[in-house]
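Report on the following structure.
Lettering follows sequence order; numbering is per chain, from 1.
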2 protein chains.
Amino acid sequence: MTDDVPNTAPVAAPRRRGRPPKDSARSPQETRALLIRAGLEMLTEKGYSAAGLDEILRAAGVPKGSFYHYFASKEAFGSALIGEYAAYFAVRLDRWLTDPQRTPLQRIEDFVEDSAAGMARYGFRRGCLIGNLGQEMSALPESFRQQLQDVFSDWQSRLEVCLREAQACREISVTADCRQLAVFFWTGWEGAVLRARLEQSDSPLRTFAAGFLQLLEH
Amino acid sequence: MTDDVPNTAPVAAPRRRGRPPKDSARSPQETRALLIRAGLEMLTEKGYSAAGLDEILRAAGVPKGSFYHYFASKEAFGSALIGEYAAYFAVRLDRWLTDPQRTPLQRIEDFVEDSAAGMARYGFRRGCLIGNLGQEMSALPESFRQQLQDVFSDWQSRLEVCLREAQACREISVTADCRQLAVFFWTGWEGAVLRARLEQSDSPLRTFAAGFLQLLEH
DNA sequence: ATTTATTTTAGACCGATCGTCTATTTATAA
DNA sequence: TTATAAATAGACGATCGGTCTAAAATAAAT
């Protein structure tokens, strides 16, 4: 090979700079969505501190300049991810916990089964974004705290509704404290997700769910 | 000030390099213990990934070179911390769960109370090292996994013994599955610690403990 | 049509920090 | 004495999160 050939044979694809043409392969909308998706994958797996921006960018195939066009900082990005995850999870919870074809208690079991399947699908590497960040809170921007608490609060409300319906159809005792039980569930559930990842097995999820359902028999 | 004065007036204390004389202020034993202590404080608070070596070293007042004399790597250090924490926790568990002055169920309540007080003492910033690392596992050396599982297994055994004693004195049903209940407790407890840190309150600990004790009434 | 402002991308760059390594000094043993 | 081991100090390259300028295309204004 000659070495006197400037302007040719770049080692890797020399990407064009500047705003891309309108008929570009990727729309701005998609670029942002790509960052969100890659970020969610990375943070559900490794948490906030261990997830490097460069790594997320590499996975998304997006350069740093674009990232800082869509997000003011890693903190702002993390905040957006929490919001995105909460929205996604709300849909998923609704899907299971309001299914009219199933009794309230069956719906909870359905959610547990779906969660077990979901964790298995990714080899038990990914956890719950909210749980991950909650655990890391001491090393995180303080602005995350309220946001994370609000998400838990939302999940608790949705479960509480389901438990009240269980009372209505006499599946559980009418004297049960549904609010307290919902808090109990999400508290322990995060621990179960943690153990499931550690043991790479869905048995912690099932063990916790079984205990919770037994508690409802009071 | 003149500027032609070499070998004098170092800006900060120029620490001597090389092995310190025998009558040094700090013994090698102490140096290692200092590193362990600072490491435990840092990792229970921020986890493994977010805890920087420099920060730990600064807190311990030990230079980097010394660190790598006592530990082969951050991974080896982390492994030593897990062992140290497990030993410390085993003593603490024994203290509460085998107290002959208290009934088995009271012992569990005592442990919960002590944990709540312990978390409050540090402003709910510190969590459980084992839980922290378990949550981070996807970003950690694979060698940690078995070690962490073993610690949980040990805690479960200790609680199981206590629950069997509760059966023996008819505090709980003789048909209860003590092993399963012990797994359930430590699974949910880690979630409770997580929530307590997030909400900066001991109420998640108490809520979970109350639910667990109610479960024992079956 | 031409100019101007805005949007979006590329990647160089900075100070800080990551975990590791080499060099230095002392104690101990041969 | 000499050689080896123990203990410390700080340099080191790689990478981190974050900022910056420059480039290229679109949209708006004239």
Side-chain angles (χ1 to χ4, degrees), chain A residues 10-35 38-39 42-43 46-81 136 139-141, chain B residues 10-35 38-39 42-43 46-81 136 139-141:
Chain A
V11 186
R15 313 173 65 170
R16 293 169 43 105
R17 42 169 54 199
R19 178 172 179 168
K22 212 177 178 185
D23 60 342
S24 179
R26 200 163 63 208
S27 79
Q29 267 261 21
E30 283 169 338
T31 299
R32 193 179 189 279
L34 236 46
L35 287 169
M42 215 62 86
L43 293 216
K46 325 207 318 181
Y48 185 87
S49 302
L53 231 38
D54 285 347
E55 195 180 1
I56 295 171
L57 264 25
R58 210 178 310 122
V62 169
K64 217 171 227 184
S66 298
F67 176 88
Y68 277 94
H69 173 67
Y70 293 104
F71 304 99
S73 62
K74 191 189 182 187
E75 175 173 350
F77 182 57
S79 183
L81 290 182
E136 285 183 278
L140 260 41
Chain B
V11 187
R15 311 174 67 168
R16 295 169 42 106
R17 44 167 54 200
R19 179 173 180 166
K22 212 178 177 183
D23 60 342
S24 180
R26 198 162 65 209
S27 80
Q29 267 263 22
E30 285 169 337
T31 301
R32 192 179 190 278
L34 237 47
L35 287 170
M42 214 61 85
L43 293 214
K46 325 206 320 179
Y48 184 88
S49 302
L53 231 38
D54 284 347
E55 195 180 1
I56 295 171
L57 265 24
R58 211 178 309 124
V62 170
K64 223 170 223 183
S66 299
F67 175 88
Y68 278 94
H69 172 67
Y70 294 104
F71 305 98
S73 62
K74 192 188 182 188
E75 174 173 351
F77 183 56
S79 182
L81 290 182
E136 285 185 278
L140 260 42

Could you give the [atom1]-to-[atom2] distance, from [X] to [N], as a whole number of Å?
| X | N | atom1 | atom2 | answer |
| --- | --- | --- | --- | --- |
| Arg32(B) | dA6(D) | CZ | P | 14 Å |
| Tyr68(A) | dG18(D) | OH | C1' | 4 Å |
| Asp54(B) | dT20(C) | CG | C1' | 12 Å |
| Lys64(B) | dT22(C) | NZ | C1' | 14 Å |
| His69(B) | dC21(C) | NE2 | P | 16 Å |
| Leu53(A) | dC13(C) | CG | P | 20 Å |
| Phe71(A) | dT8(C) | CZ | P | 13 Å |
| Lys46(B) | dC18(C) | NZ | C1' | 13 Å |

Original post:
Has Thr31(A) got a side-chain N or O lying under 4.0 Å from the OP1 or OP2 atom of dT8(C)?
Top reply: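 Checking dT8(C) against Thr31(A), no side-chain N or O comes under 4.0 Å of OP1 or OP2.
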
Original post:
Which nucleotide in the list dA9(D), dT8(C), dA10(C) gets nearest to the side chain of Tyr70(A)?
Top reply: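 Closest nucleotide among those given: dT8(C).
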
**OP:** Applying salt bridge (Lys or Arg N to Asp or Glu O under 4.0 Å), name anything that partners Lys74(A), two or more places apart in sequence or on another chain.
**Re:**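 Lys74(A) satisfies salt bridge (Lys or Arg N to Asp or Glu O under 4.0 Å) with no residue once adjacent residues are dropped.
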
Original post:
Got a sec, which residues hit salt bridge (Lys or Arg N to Asp or Glu O under 4.0 Å) with Glu55(A), two or more places apart in sequence or on another chain?
Top reply: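 Here the qualifying residues are Lys46(A).
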
**OP:** For residues Ser73(A) and Tyr68(A), report the shortest heavy-atom separation together with the two atoms involved.
**Re:**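 Looking at all heavy atoms of both residues, the shortest contact is CA-CE2, 3.8 Å.
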
Original post:
Minimum heavy-atom separation for Ile56(B) to Ala51(B), with atom names?
Top reply: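 That closest heavy-atom pairing would be CD1-CB, 4.5 Å.
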
Original post:
Ala51(A) or Gly65(A): which one's nearest nucleotide on DNA chain D is closer to the 5' end?
Top reply: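 Looking at the nearest nucleotide for each, Ala51(A) comes out on the 5' side.
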
Original post:
Arg32(A) and Phe67(A): side chain to side chain contact (heavy atoms under 4.5 Å, CB included), yes or no, with the steps?
Top reply: CA-CA 8 Å; Arg32(A) 193 179 189 279; Phe67(A) 176 88; over 6 Å; no

**OP:** Could you identify which residues of residues 73-81 of chain A place a heavy atom less than 4.0 Å from some atom of DNA chain D, listed by residue number, or say none?
**Re:**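 Under 4.0 Å from DNA chain D: Lys74(A).
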
Original post:
Touch check for Ala72(A), heavy atoms < 4.0 angstrom, all strands: base, sugar-phosphate only, or nothing?
Top reply: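 Result for Ala72(A) = sugar-phosphate.
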
**OP:** Any chance you could lay out the ring-ring contact (aromatic ring centres under 6.0 Å, His included) test for Phe77(B) and Tyr70(B), step after step, and finish with the verdict?
**Re:** CA-CA 9 Å; Phe77(B) 183 56; Tyr70(B) 294 104; over 10 Å; no

Original post:
Run the side chain to side chain contact (heavy atoms under 4.5 Å, CB included) check on Lys64(B) and Asp54(B) step by step: do they pass?
Top reply: CA-CA 8 Å; Lys64(B) 223 170 223 183; Asp54(B) 284 347; 2.8 Å; yes

